[in-house]
Amino acid sequence: MSATTTASDQPTPVQATRSAARFLFWACVFLICAWVLVPIYLLMVNALSSPEQVSGFPKSGLPGFDFSSLQFFAGFSGVGRALWNSVSVAVLTMVLSIGIGAPAGYALSRFDFPGKEVFRMLVVMTRAFPLPLLALPLAVMFIRTGLDDTALGLALVHTVLALPFSVLITFSLFSGIPLELEEAAWTLGCNRWQAFQKVVLPLVLPGIAASAVFAFTISWNEVFAAAVLTIENRTLPAFLIQNLNVSPLHLKFAGGAALVVPALVFIFAVRKYLFAMWGIANR
Amino acid sequence: MAEIVIKNVAKRFGGFTALHSIDLTITDQEFMVLLGASGCGKTTLLRIIAGLETPSQGEVWIGGKRVDHLPPRERGISMVFQNYAVFPHLTVFENIAFGLRMKKLPQTEIDRRVNRTAELMHIEQLLKRYSGQLSGGQRQRVAVARALAMEPDVILMDEPLSNLDALLRLEMRAELKGVLADSKTTTIYVTHDQVEAMSLADRISVMNGGKIVQAASPVEVYRNPAARFVGSFIGNPPMNFLPARRGTNGQFQVAGLELPGPVAGDALDFAIRPEDVEIAPTGFVATARVIEPLGAHTLVTTEVDGKLFRAVLDSDLKVAPGDELRLAPKPDRVRWFDPETTLAV
Amino acid sequence: MAEIVIKNVAKRFGGFTALHSIDLTITDQEFMVLLGASGCGKTTLLRIIAGLETPSQGEVWIGGKRVDHLPPRERGISMVFQNYAVFPHLTVFENIAFGLRMKKLPQTEIDRRVNRTAELMHIEQLLKRYSGQLSGGQRQRVAVARALAMEPDVILMDEPLSNLDALLRLEMRAELKGVLADSKTTTIYVTHDQVEAMSLADRISVMNGGKIVQAASPVEVYRNPAARFVGSFIGNPPMNFLPARRGTNGQFQVAGLELPGPVAGDALDFAIRPEDVEIAPTGFVATARVIEPLGAHTLVTTEVDGKLFRAVLDSDLKVAPGDELRLAPKPDRVRWFDPETTLAV
Amino acid sequence: MQAKALPYLLLLPATVFLLVFFVYPFVEIAVLAFSRNGSFSLQPLTTMATHWKFGSALGWTLLLAAVVVPIQLAMALSMATIVTKLQKGRSAILYIFSIPLGLSDLAAGIVWLAIFEQSGFLNSMLHGLGLVDQPILFLGYQNIWIIFLAVVLAEIWRATAIMMVILVSGMGLIPKEYYEAGEVFGASPWQRFVKITLPMLRPSLQSALILRTLAAFEVFAVVTALGGTTLPVLMGETYNWQFALQDRNVAAAYAMVILGISIVATLFFLRVLRVPKGATI
Amino acid sequence: QTLFWSTQAAPVEETQKMREQVLAGFEGGVDYQASETGPFLTRLAAEIQAGSGQIGVVGSLHGDLSTYADSFVDLSDVDLSGIAVSEAFMDLGKLGTDEQKYLPWMQANYVMAASRQALEYLPEGADLNALTYDDLIAWSKALAEGTGSPKFGFPAGPQGLKHRFFQGFLLPSYAGSTVTKFRSAEAVEGWNAFKELWQYTNPASTNYAFMQEPLLSGDVWVAFDHIARLADAFNQRPEDFVAFPAPAGPAGRGFMPVLAGIAVPASAPDIDASKALVAYMMQPETQVATLRATNFYPVTDAALPADLPESAKALGPAINAMTTADDALPALLPVGLGDLGGQFNQVYTDTFERIVLGNQPVEDVLNQQADTLRGLMNQANAPCWLPDAPSEGACPVD
Ligand SMILES: Nc1ncnc2c1ncn2[C@@H]1O[C@H](COP(=O)(O)OP(=O)(O)OP(=O)(O)O)[C@@H](O)[C@H]1O
Ligand SMILES: Nc1ncnc2c1ncn2[C@@H]1O[C@H](COP(=O)(O)OP(=O)(O)OP(=O)(O)O)[C@@H](O)[C@H]1O
Ligand SMILES: [Mg+2]
Ligand SMILES: [Mg+2]
């Protein structure tokens, strides 16, 4: 993170530099990368192939560079708007779920108080209850209150889904920060919030970013609530993929790819925050 | 005005009582040193004053204001933590500037103070490093600098120099004392280094098992320990104790020697500091057991009447284990303790 | 056989050189103390021996085997970390037992060793606690007990007693020495406490700025510092230095005094320890500046010929700042250093 | 020193939020599970329990979770360890590892369908290698175990990254000094992992396992994409009763079952991975 | 803009066509949104429950609409200005009430399709346009044996429309009934025949929602499906495929039309605009455009143009041949079941899964499922519909 911390500055422990172990290690890395990448590659191959190639056999495993399927989606009226809606809902979800979840995670990690377990179970239950059933009462409520068909309304529902993640992840992160650092900040003139913001937050930022990314991808990929709760302001998945199941194969793949690619770009864009490691490794 | 008054403070951790009803007043601008065995509750007391720990009972007043329910930042204190608590994500500079930024001081003032305290602590060349790139002693100095830079009314230091070498300690000590006196800061300073305690303290509070046993000036604590514990705890090596019994002539019999003692009590404990004995023909009969050269002096551990007895003698003295010596206590340095209450008589 | 040989070891952190080409041999069963200023590289050297840090150059041999490329667990060492590194998720018992379980010792043996070392460290009543429930000194003792329980060939201790009070230190010190001697362990012990260093060490290595300046027996290091640094670093308070110039009569002129000196050299540094001066009419003319009572003695900081000059005098002496004293060096304790090379002459 | 109210204050937003957006609709649904036409009845529960698919749906769901979660845990731990061990190329590899985070379960289903389908990539490869003449039908109803396997693979592929990222950020917070102490005291890399990493990772492990297991109980889209209704799962049945059969009461009863096993699993993880009182981390 | 909330034309290409080719001409402006059944029903139910909403017009299959009979406005006053709508369909649209709950929107049917190469294996003497189930079995057997793998295909996947096949094709063809003779000996015979056919059916069928893709990929050579779900094969490679009527059984050539209707929920924001859209949907030009977009046929007497897509050209005659065959035995969609329609379907799906996939004894399964079916009919108190004989009160299950 700092300009002064170059790789060689870090104390380098003596490692078992036995070549066999190293080879095994890199073989593992390679295998896992392949495991992740090959299916993505195949999805892209199909997305870039013509309908005949997609349903043909045997497949070459090479893309046909036929953009018609993707173009079909690009030409779909309202894709731009849906993309924008998706992003705004996802960002709102991210903000809401961290904004609401992180304080709760902090409280769970720093305090012992009656009702702690009840709250924890409540959070977990949220994750354990099928959304399609909740959607009806929620939709009725939203229609009555005017939240229906707004980015905020959908973000609220997505926040219900993402909240368990943000609460539990931030809880575990905060548990990893020594209380003493916070105490030091208090004696240096911080109130709780400032100490949190200036000391704890920078240290857990990578983790917070991770849970924010979860929130984002949960919202990004959620179809059901989006399909029920948005009409004018459709999000991309509600727009593109809710009917992919009943669409021809080549469109399925193209639609899948159309949804995957922005998410990949997003993760790529935020990877720095996701994985930034401060000089805390040798605290 | 930053007088600290601690009234009847106790602290229990579950079933364990770390502090029993502490009463202590540290006057404004006083330099109070807390001394005590490991685990006796020094850190706990500091943390209660700082507001990091809630006392199980009692009151804490700072500068005439009851602060029990104030958060640390409103108590006008700053603190050096026993294990430093240097922020790992900030450079040394930012660590020291941390509290100043919280006070929203102008940047020039921050620079000035950081540089001044860093120089004081000899870490000016480390300002750009992170704590992971510092040695233990350097980290400790960052913690001290961070607290000093605040220029608080009250500073609490928990063994702030424990990881420094003697030379640096000596220097830091002098500088700390000077800086804190100049800034009229009330100081509570935990140390286990008695030389440090002696040379820094206006008063020393000796703690034992969660209680304050004696709070008095260094010389008083050293010369006239209020309790046997103080005598045995302070002084390196500590005081020697021997059982004494009043003889028929009113004098006390101590390991074959006859000494004048206090008027009250029949069975008392005789006590003398190792450096207050001399080789003299009228002394205790002592068999040397261990000889430890300490540089200018030699610490001779002997056996007197079957009891351990230490003497600090000139290093020119040639003595070998097994030798028999005669060790005479300097009469005006002899102290007496009641073996039951352990208090000085 | 666990002789440790360090050949030409250096360590660089980026642009910063923490160790410059260290050569050092610690013989089997020796108790070697490392002394040096904060940040001089003591911890780094220990970590290189332990295998936690890769040297930038050089070789490390333990027990006749080159170990540079062995992981720490195959080096037959154990270590007390400067910041304890007591596992927070394990009880004190399990912390001490950690290494023993790794060795797959039978439970009875583990119990025996844990209890023994815990008793040694006076933490037997804390065995069920977690590290978060311990005081600083208690935690440090757990770290020491954990290392001792391993009964290794080589033990590396990084300021293992820094957070203990004097009394406990004294006791621990004696016990450590006894235990380690009994178990024939080769020990490298970092401390900044010179009394500790003196009383424990078979040999002391004095480090400065990443180099080893002198490695010799305690008395030798104290009496005959190999370099000005050693003299100024060891001894509390340190040696006094005054510039000396050879007069026409071959004698050296030092602050108005005429003293016999070594045959070589024209301009040298005169050096004397503060405890090696006495009040005598033929001494240096010294103006007292600061008077610090140290218990049995008084440290008087004076000014001699415009230079700082410290003297440890009997505490009976009545002296006030501003008083003029006459301080005479004991002739056989005078040492001389070359001001250019800083080495002893 | 701080008001006792602070933790509650911190929980307040989340609690209010959940009360409005979860508890309120949840109660409305939960009531359905125990009523019929507005009055109390156990009929939805009995209908569900006696339906011929209920047993197998429950069984497959549990089996799926029991197979997928441990494998994912092991993989996520290895991946997280690899990432923390890496010196160079860490961010690139971490990025690759976390790519599946961005995938919806539907997309994952589609991808694996493309592989296992009769004219899919697996058959193409086997054909290309000359191992088969005719494409093999992997996902037929007779091959329920292959369907199961495909679902397991797809689930592992899709959802391991979630666990991994939680664990990576947790591992990043373990101070290095403990590993060093472990190393000095004779712990091999594996022992350090078991004795230091795992216990100190407990909070993160707990979170990761709870979240992942709960998600496994709700597996649906991937199963439908790969196995149709051949492999019945609880969530699929819930969906079926809610929309195809339009019996919201029985659907609610299914949801209560999912909730029930989720709570049991959560309690299990909370217990097994709890940090003993007094221990920090 | 009027929101047209629909389950039809859900495949993305069709949705696009609906918007661009069918609805673009409506003056008020239409927002056509096609959803899966789940979101569709949830949204609809929510708006009905909330008493207000955005949905102007609902378009879905008869079965889905029948659940919400109470919540739709009466459409009898929509001005159809002389457009003739099939009477039978108008009746279905009343959903057992006196009001016109929905207007028929479009219809479709199920037919068979085969690739030309399969014709070589057609058994001697079998007439493609008058196929029997026995012929089909023999043909599938020949195909399986001749090519080495089963080549008959059937949409038994989760999105597949298999229940309609059992309700409207298999059972009527064998038992001449959908409900009453559910567990008759004839029905048993029918299920046994289907079991036999299943031996020569591509096992991947349990994953198929649409038969056009397996036909195109060659995994399946002969298939039964909804016309909309076969169309792509004909549009892509018209020369390679032929369409023909569903087979006949001992009781006749059972078939069941698919009927989609449009309704206006009482909670619609602007009921007049909605009705105007409904009327627009019934216009001959709209109906033809709908046919082009969705492969669903008009429910009115709209004249079909000559330049139909390949699929319509191929499939239309097959439907025609089927519905006008001498042994034609039309079966109607369930009426009067209300929200039990789903469970009614489930009875048939379960029967299939247990008998064919689970290999359970046919009689036992039928007996058990008959009990369920009877319970449903009694609960809904629904009288019989074609091909079952009209009943007093609930339709009996013998
Ligand atoms: N990672 C690092 N990057 C840069 N410099 C470092 C790093 N680690 C240590 N140093 C520097 O190396 C020097 C030696 O450090 P080391 O910890 O060995 O000192 P030490 O002798 O143990 O000091 P102390 O008595 O204060 O513990 C110090 O000046 C320190 O600042
Ligand atoms: N959380 C806790 N639970 C139980 N006991 C505790 C806890 N914290 C501290 N203690 C105990 O309270 C006593 C006082 O601890 P404290 O840290 O104040 O000691 P100390 O005087 O600072 O010792 P040291 O010089 O070793 O740092 C110790 O015996 C310690 O074991
Ligand atoms: Mg302490
Ligand atoms: Mg160090």
For each of Thr160(D), Ile115(D), Ile166(D), tally heavy-atom pairs with chain A at distances under 4.5 Å, and name the one with the top tally. Ile166(D)
Student check: side-chain heavy atoms of Leu156(A) and Phe17(D) closer than 4.5 Å: yes
Highest number of heavy-atom pairs under 4.5 Å with chain A among Pro13(D), Ala251(D), Gly128(D), Ala14(D) belongs to Ala14(D)
Can you check whether Trp35(A)'s main-chain N or O pairs, donor with acceptor, with Trp157(D)'s side chain at less than 3.5 Å? yes
Using heavy-atom distances under 4.5 Å, tell me whether Trp193(A) contacts chain D through its side chain, its backbone, both, or neither. neither
Whether Asn249(D) side chain and Leu32(D) backbone form a donor-acceptor pair below 3.5 Å: yes
Could you have a look at Leu267(D), Ile258(D), Ile162(D), Leu205(D) and say which one has the most heavy-atom pairs with chain A under 4.5 angstrom? Ile162(D)
Part of Phe224(A) within contact of chain D (heavy atom distance under 4.5 Å): side chain
Interface check, chain D: of Gly99(A), Ser166(A), Ala107(A), Pro262(A), most non-hydrogen pairs under 4.5 Å belong to Ala107(A)
Counting heavy-atom pairs under 4.5 Å with chain D, the top scorer among Asn46(A), Val140(A), Ile208(A) is Asn46(A)
Checking heavy atoms, do the side chain of Tyr41(A), its backbone, both or neither come under 4.5 Å from chain D? neither
Evaluate the side-chain proximity of Leu11(D) to Pro103(A): yes if any heavy-atom separation is below 4.5 Å, no if none is. no
Heavy-atom pair count under 4.5 Å with chain D, highest-scoring of Val124(A), Val260(A), Leu108(A): Val124(A)
Between the side chain of Arg127(A) and the main-chain N/O of Leu161(A), is any donor-acceptor distance below 3.5 Å? yes
For Ile99(D), is it the side chain, the backbone, both, or neither that has a heavy atom closer than 4.5 Å to a heavy atom of chain A? both
Would you indicate whether the side-chain heavy atoms of Ile177(A) and Phe196(A) approach each other to under 4.5 Å? no
Are the side chain of Arg274(D) and the backbone of Arg271(D) linked by a donor-acceptor contact shorter than 3.5 Å? yes
Beyond-backbone contact of Phe97(D) with Val165(D), side-chain heavy atoms, under 4.5 angstrom: no
Interface moiety of Leu12(D) toward chain A, non-hydrogen atoms closer than 4.5 Å: neither
What part of Leu163(A) lies closer than 4.5 angstrom to a heavy atom of chain D: side chain, backbone, both or neither? side chain
Close side-chain approach of Tyr106(A) and Phe111(A), heavy atoms under 4.5 Å: yes
Heavy-atom distance under 4.5 Å to chain A: side chain of Ile93(D), backbone, both or neither? side chain
Determine whether Phe216(A) and His158(A) satisfy the following criterion, side-chain contact (heavy atoms from CB on, under 4.5 Å), listing intermediate values before the conclusion. CA-CA 9 Å; Phe216(A) 188 96; His158(A) 287 176; over 6 Å; no
Is the ring pair Tyr239(D)/Phe220(D) parallel, tilted or perpendicular, if the boundaries are 30 and 60 degrees? tilted
Counting only non-hydrogen atoms closer than 4.5 Å, does Met121(A) touch chain D with its backbone (N, CA, C, O), its side chain (CB onward), both, or neither? side chain
Relative to chain D, which segment of Phe214(A) carries a heavy atom at a distance below 4.5 Å: side chain, backbone, both, or neither? side chain
Smallest separation among heavy atoms of Arg192(D) and Gly182(D), with atom names: CD-C, 4.2 Å
Under 4.5 Å from a heavy atom of chain D, the part of Phe113(A) involved: both
Could you check which of Thr159(A), Leu96(A), Ile218(A), Leu131(A) has the highest count of heavy-atom pairs closer than 4.5 Å to chain D? Thr159(A)
Chain A contact via Val23(D) - which portion, at a heavy-atom distance below 4.5 Å: side chain
Taking all heavy atoms of Ala90(A) and all of Ser219(A), pick out the closest pair and write down the distance. CA-OG, 3.2 Å
Is chain D contacted by the side chain of Glu222(A), its backbone, both, or neither, given a heavy-atom distance below 4.5 Å? neither
Leu18(D) versus chain A, the contacting section by heavy-atom distance below 4.5 Å: side chain
Polar side-chain atom of Asn221(A) near backbone of Thr217(A) as donor-acceptor pair, under 3.5 Å: yes
Contact leader toward chain A among Val111(D), Ile210(D), Leu259(D), where contacts are heavy-atom pairs under 4.5 Å: Leu259(D)
Would you say the side chain of Ile174(D) lies within less than 4.5 Å of the side chain of Tyr179(D), judging by non-hydrogen atoms? yes
Where on Leu136(A) is there a heavy atom nearer than 4.5 Å to chain D: the side chain, the backbone, both, or neither? side chain
Which portion of Arg110(A) sits near chain D, non-hydrogen atoms under 4.5 angstrom: neither
Which atoms of Ser109(A) are under 4.5 Å from chain D, going by heavy atoms: the side chain, the backbone, both sets, or neither? neither
For Phe129(A), the option from Phe217(D), Phe21(D), Tyr254(D), Phe26(D) that meets ring pair (Phe, Tyr, Trp, His ring centres under 6.0 Å): Phe26(D)
Part of Val45(A) lying under 4.5 Å from any heavy atom of chain D: side chain
Ser207(D): which of Leu168(A), Val167(A), Leu173(A) passes side chain to side chain contact (heavy atoms under 4.5 Å, CB included): Leu168(A)
Heavy-atom pairs under 4.5 Å with chain A - which of Ala221(D), Gly260(D), Ala114(D) has more of them than the others? Ala114(D)
Given heavy-atom pairs under 4.5 angstrom as the criterion, report whether the side chain, backbone, both or neither of Arg248(D) touches chain A. side chain
Region of Phe171(A) in contact with chain D, defined by heavy-atom distances below 4.5 Å: side chain
Against chain A, work out which of Glu218(D), Glu28(D), Met171(D), His127(D) has the most heavy-atom pairs shorter than 4.5 Å and name it. Glu218(D)
Side chain, backbone, both or neither: which part of Ser204(D) has a non-hydrogen atom closer than 4.5 Å to chain A? both
Under 4.5 Å from any heavy atom of chain A - which part of Phe243(D): side chain
Look at atom CZ of Phe25(A) and say whether more than 12 heavy atoms of other residues, nucleotides or ligands are closer to it than 6.0 Å. yes
